Amino acid sequence: MGQRDSKHDNGQTGVITRTAAKTKKPSLYKVLLLNDDYTPMEFVIVVLERIFNKGRDEATRIMLHVHQKGVGICGVYTFEIAETKVTQVMDFARKHQHPLQCTMEKE
């Protein structure tokens, strides 16, 4: 048990060095809603409340911005969360037969 295996050890000793791992902040992505002429405003408010956890007033403000400007930011998230939000919006819109579009872009 206590004997060294000379085939694998070769009598060499090593020095353990520690390198400080520098963590990089993950890239952030904006989730955007795109205006269309068919999706009801009330439905967009529901999407913002349910999927993006916005209060009624903020959801209404974002919806009006999307309606007037053609596009609006729903939130800023890491890649995986942004991707999930886009998928949730698209699935929810299709389920309710609305053409609402949602995309994401790097901030």
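These figures come from a predicted structure and were not determined experimentally.
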Query raised in the report: What do the steps show when you test Arg61 against Asp57 for side-chain contact (heavy atoms from CB on, under 4.5 Å), and what is the final call?
Result: CA-CA 6 Å; Arg61 184 184 57 74; Asp57 290 343; over 6 Å; no
Report task. List the steps, then state whether side-chain contact (heavy atoms from CB on, under 4.5 Å) holds for Leu32 with Glu105. Result -> CA-CA 8 Å; Leu32 307 169; Glu105 66 181 37; 3.6 Å; yes
Query - Step-by-step side-chain contact (heavy atoms from CB on, under 4.5 Å) determination, Val66 to Val44 - result: CA-CA 9 Å; Val66 171; Val44 175; 5.6 Å; no
Requested in this report: Go through the steps to decide whether Tyr77 and Val31 satisfy the test side-chain contact (heavy atoms from CB on, under 4.5 Å), and finish with yes or no.
Outcome: CA-CA 8 Å; Tyr77 308 94; Val31 177; 3.7 Å; yes
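Using a 4.5 Å heavy-atom cutoff, the side chains of Cys102 and Leu34 are not in contact. Side-chain contact check for Arg56 versus Glu49: some heavy-atom pair is nearer than 4.5 Å. Here the side chains of Gln101 and Asp36 are not in contact, with every heavy-atom distance at 4.5 Å or above. Side-chain contact between Leu100 and Val89: present, with at least one pair of heavy atoms (C-beta onward) separated by less than 4.5 Å. Residues Phe52 and Ile62 fail the side-chain proximity criterion, which asks for heavy atoms closer than 4.5 Å. Residues Thr78 and Ile81 are in side-chain contact: their nearest non-hydrogen atoms beyond the backbone lie under 4.5 Å apart. Side-chain atoms of Glu107 and Tyr29, non-hydrogen and from C-beta on, never get closer than 4.5 Å to each other.
How far CD of Glu80 is from NZ of Lys85: 13.5 Å, rounded to the nearest 0.5 Å. A distance of 10.5 Å separates CG in Asn35 from NE2 in His65, rounded to the nearest 0.5 Å. Atoms OG1 and NZ, from Thr103 and Lys30 in turn, are 10.0 Å apart once rounded to the nearest 0.5 Å. Atoms CG and CG, on Leu48 and Asn53 in that order, are 10.5 Å from each other to the nearest 0.5 Å. The structure places CE of Met63 at 12.5 Å from SG of Cys74, a figure rounded to the nearest 0.5 Å.
In terms of hydrophobic clustering, with Ile, Leu, Val, Met, Phe, Trp and Tyr side chains grouped at heavy-atom distances under 4.5 Å, Ile73 and Met90 are assigned to different clusters. Phe92 and Met41 fall within the same hydrophobic cluster, defined by Ile, Leu, Val, Met, Phe, Trp and Tyr side-chain heavy atoms under 4.5 Å apart, directly or through other members. The hydrophobic cluster containing Val76 does not contain Ile51, counting ILVMFWY residues as joined when their side-chain heavy atoms lie under 4.5 angstrom apart, directly or transitively. In the hydrophobic clustering of ILVMFWY residues, with side-chain heavy atoms under 4.5 Å counting as a link, Met104 and Val71 come out apart.
In Arg94, the CZ atom is crowded: over 12 heavy atoms of neighbouring residues, nucleotides or ligands sit closer than 6.0 Å. Other residues, nucleotides and ligands place no more than 12 heavy atoms under 6.0 Å from the NE2 atom of His67.
In this structure a side-chain-to-backbone donor-acceptor pair under 3.5 Å is missing from Lys106 to Ser27.
For His98 and Tyr38, the ring centers sit 6.0 Å or farther from each other.
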